[in-house]
Amino acid sequence: MITYRARGLRHWIVTIILTGVLLLLVAFVYQRAADAVITLDMTQAQQYTLSRETLDILAQVEQPMRITGFYSTDVLRVRELDASIVRLYESATDGLITGVFYNPNDEPVLAEQFQLQVDGELFISYMTANGEVDFSTVTRVVPENNQERNLTSAIVRLLEINKFSVAFDSTFSDVSPYDTTDRGFSGLFNGLSANGIAWSSLDLAGIAARGENIPQEITAVVLTRMREQISPAAIGVIDRYLKGGGAMLIMADADFSEAPFLSEDDPFNDFLWENYGIRMLDAIAIDAVSNAGTELDLLSYATSDGSSITGRLNDVNNPDSRTLFRIARAIEIDPSPPVNNGMVIATSETSYGETNFEDLLRSNDYSYAVTEDVTGPLNVAAWANDETTGARILLVGDVDWSSNGLVSSPVGNSILFTDGIAWLTGFGEQLSFAPQGRTTNLPTIFLSTQQLDLIALITVILMPGGALLLGLGIWWVRNRQ
């Protein structure tokens with residue numbers, strides 16, 4: 001009897017030990033599977049698989065990045081969908097990209113550090129050596145297309161952070177990054193910084209006087225609000241810069257001073273015509289069809305598909321995507337140019353160019369004169385691209401559109417600046433998605449993280465454990481008999 005009981009006790013001890021080992025093994029395998037970020041897309045259209053374009057970009061990620069999202073309890077469903085997409089990025093980069101999500105109501109200080117604007121917003125940044133967010137690299141994920149494109153575009157901007165530098169001339173022009181008035185340009189400087197593009201002031205007159213060159217690290221030069229014509233020596237500096245593959249954004253206002261910038265007799269205007277086939281005309285665009293209340297406040301009527309600058313302008317579904325110019329000068333484009341060039345924005349067919357600056361600007365008096373004025377449609381923004389040297393120029397016949405008072409309203413003005421700078425510098429050109437169909441709705445079956453954990457507990461622990469206990473019970477009853 002004692003031997004029988006001892007044998008039964010040993011069976012119990014062995015069974016308990018094996019059960020414990022089995023439970024530990026199941027828990028270990030489950031945890032490793034969860035940490036491995038394994039994903040499986042079983043949809044026929046591969047709706048939840050990252051595109052080839054995204055995978056090409058992710059292959060360039062070499063430093064840890066963090067995707068940070070802020071979601072209140074009102075947008076938990078959006079959070080779960082975003083989390084499922086972020087999980088794909090974690091898997092594709094073997095954990096180099098990670099995602100963390102917060103409730104802004106619980107973390108108001110952190111939300112303020114990220115400059116949170118809307119509920120459900122995402123940010124991406126590099127990580128410091130201590131594993132913390134590098135706030136100097138925080139990039140906002142702009143919600144424009146589907147979430148994959150939004151995230152990948154933000155990653156591209158992060159990869160290119162501080163690779164590009166834009167310089168504003170401060171000697172011939174009157175521009176300050178600290179002027180926050182409506183006529184100032186602080187918004188442009190802030191926008192460049194927010195997108196990871198460095199900016200600086202350029203002493204063009206000093207460089208010309210010393211016979212030097214514009215530094216090679218300057219990706220693009222901006223000439224705006226010019227007080228006077230630039231010197232012949234400065235034109236030489238610009239010529240050398242452009243022949244070296246430089247880029248320029250040039251803006252010219254209507255001016256009736258003695259020697260206005262880019263007047264028809266300005267040597268720099270001649271330089272642009274001879275080398276790039278574009279130049280400013282001494283004519284102010286008047287448009288009775290496409291305007292914002294007066295014939296001098298022009299709204300973009302026509303845009304060109306000759307460059308990527310206009311891709312987002314004049315969206316038929318968004319009237320705010322049109323640009324607004326306040327007194328714009330006309331631009332002539334050579335039909336037989338020395339380099340590739342073309343129109344960016346033009347006025348309507350009924351417009352014309354007023355050549356009497358003095359009467360128009362002093363007394364707002366203008367009328368079409370057949371023998372003196374220029375017949376429309378008129379170009380008010382143009383581009384040129386020398387594919388041999390890599391030089392690029394964006395010429396705009398107005399300055400006010402990019403000032404603080406107008407650059408963000410309408411949105412088309414900020415689009416023209418950001419996409420113009422992107423075209424000039426090549427910023428973000430490595431990302432080009434092929435057409436693809438993707439769902440933009442939430443999955444039909446939607447499970448929260450807590451629900452998934454509960455399912456795992458039931459299927460991995462409780463069901464096998466219950467079966468094991470049932471088997472032990474049967475064994476014990478049989479042995480009793």
Side-chain angles (χ1 to χ4, degrees), residues 37 39 47-51 53-55 57-58 60-61 63-128 131-161 190-191 193-197 312 411 414-415 418 422 427-428 430-431 433 436 438-443 446-449:
V37 196
T39 58
Q47 295 288 342
Y48 302 102
T49 298
L50 295 179
S51 66
E53 292 85 354
T54 289
L55 294 176
I57 296 300
L58 295 183
Q60 303 175 37
V61 177
Q63 303 177 48
M65 293 182 180
R66 169 68 52 81
I67 298 175
T68 305
F70 292 90
Y71 306 84
S72 71
T73 54
D74 296 330
V75 292
L76 286 181
R77 290 172 61 84
V78 177
R79 168 177 171 165
E80 293 299 336
L81 178 59
D82 285 351
S84 67
I85 297 174
V86 171
R87 187 180 178 88
L88 300 178
Y89 285 79
E90 293 176 339
S91 176
T93 59
D94 293 328
L96 270 179
I97 294 178
T98 56
V100 177
F101 308 103
Y102 299 97
N103 187 329
N105 299 322
D106 296 336
E107 302 286 347
V109 176
L110 186 62
E112 185 175 354
Q113 284 182 287
F114 277 89
Q115 299 182 14
L116 180 69
Q117 295 180 356
V118 296
D119 196 1
E121 197 164 21
L122 283 169
F123 303 85
I124 188 163
S125 61
Y126 282 117
M127 304 294 291
T128 65
E132 299 177 352
V133 171
D134 183 352
F135 281 96
S136 66
T137 64
V138 170
T139 301
R140 194 180 306 273
V141 177
V142 181
E144 292 181 338
N145 303 297
N146 63 44
Q147 196 67 311
E148 180 194 341
R149 297 190 184 198
N150 299 338
L151 281 168
T152 302
S153 297
I155 291 172
V156 168
R157 295 198 301 272
L158 190 58
L159 289 171
E160 296 180 339
I161 194 167
N190 294 337
S193 298
N195 284 280
I197 299 179
R312 297 191 297 155
V411 175
S414 61
I415 291 176
T418 56
F427 182 70
Q430 60 175 303
L431 179 62
F433 280 95
Q436 57 187 138
R438 283 189 175 272
T439 182
T440 57
N441 298 319
L442 294 172
F446 195 92
L447 300 175
S448 67
T449 303

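What's counted below: heavy atoms across the whole structure, side chains too, no hydrogens, waters or symmetry copies. Because the structure is a prediction, the values reported are computed rather than measured.
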- Query: Is there a side chain to side chain contact (heavy atoms under 4.5 Å, CB included) between Phe114 and Val138 once you walk through the steps?
  - Reply: CA-CA 7 Å; Phe114 277 89; Val138 170; 3.8 Å; yes

- Message: Between Thr54 and Glu148, does the side chain to side chain contact (heavy atoms under 4.5 Å, CB included) criterion hold? Intermediate values first, please.
- Response: CA-CA 8 Å; Thr54 289; Glu148 180 194 341; 2.5 Å; yes

- Task: Step by step, work out the side chain to side chain contact (heavy atoms under 4.5 Å, CB included) result for Gln63 and Leu96.
- Result: CA-CA 7 Å; Gln63 303 177 48; Leu96 270 179; over 6 Å; no

- State, yes or no, whether a side-chain contact exists between Glu132 and Arg66 at a heavy-atom distance under 4.5 Å. no

- Message: Quick check on side chain to side chain contact (heavy atoms under 4.5 Å, CB included): which of Val78, Leu81, Ile85 does Gln147 satisfy it with?
- Response: Ile85

- Do the non-hydrogen side-chain atoms of Phe70 and Glu121 ever get within less than 4.5 Å of each other? no

- Looking only at heavy atoms, what is the nearest atom pair of Leu122 and Gly69, with distance? CD2-CA, 3.6 Å

- At what distance, to the nearest 0.5 angstrom, does OG of Ser153 lie from CG of Leu158? 12.5 Å

- Item | Considering all heavy atoms, the nearest Glu90-Ile97 contact | CG-O, 3.1 Å

- Message: Restricting to non-hydrogen atoms, name the atom on Leu58 and the atom on Ala92 that form the minimum distance, rounded to 0.1 Å.
- Response: CD1-CB, 3.7 Å

- Rounding to 0.5 Å, atoms CG (Asp134) and OG1 (Thr128) come to a distance of 7.0 Å

- Are any of the side-chain heavy atoms of Tyr126 and Leu159 separated by less than 4.5 Å? yes

- Item | Minimum heavy-atom distance Gly131-Met127, with the two atoms named | O-CE, 3.0 Å

- Validation row: Thr418, Arg312 side chains within 4.5 angstrom (heavy atoms): yes

- Taking side chain as C-beta onward, heavy atoms only, is Thr68 less than 4.5 Å from Phe101? no

- Item | Greater than 12 external heavy atoms within 6.0 Å of Gln113's CD | yes

- When every non-hydrogen atom of Pro104 is compared with those of Ser72, the smallest separation belongs to CD-N, 3.7 Å

- Message: Test your reading of the model: is there a side-chain donor-acceptor pair from Thr139 to the backbone of Thr137, 3.5 Å cut-off?
- Response: yes

- Message: If you define the side chain from C-beta out and look only at heavy atoms, does anything of Tyr71 sit under 4.5 Å from Asp82?
- Response: yes

- Taking atom CG of Asn103 and atom CG of Asp119, what is their separation to the nearest 0.5 Å? 8.0 Å

- Task: With the side chain counted from C-beta on, respond yes when Leu151 and Tyr89 share a heavy-atom pair under 4.5 Å apart, and no when they do not.
- Result: yes

- Item | Atom pair CD/OG of Glu80 and Ser84 - distance to nearest 0.5 Å | 8.5 Å

- Student check: side-chain heavy atoms of Ser414 and Val411 closer than 4.5 Å: yes

- Message: As an exercise, state the distance from OG1 of Thr73 to CG of Asp106, rounded to the nearest 0.5 Å.
- Response: 9.0 Å

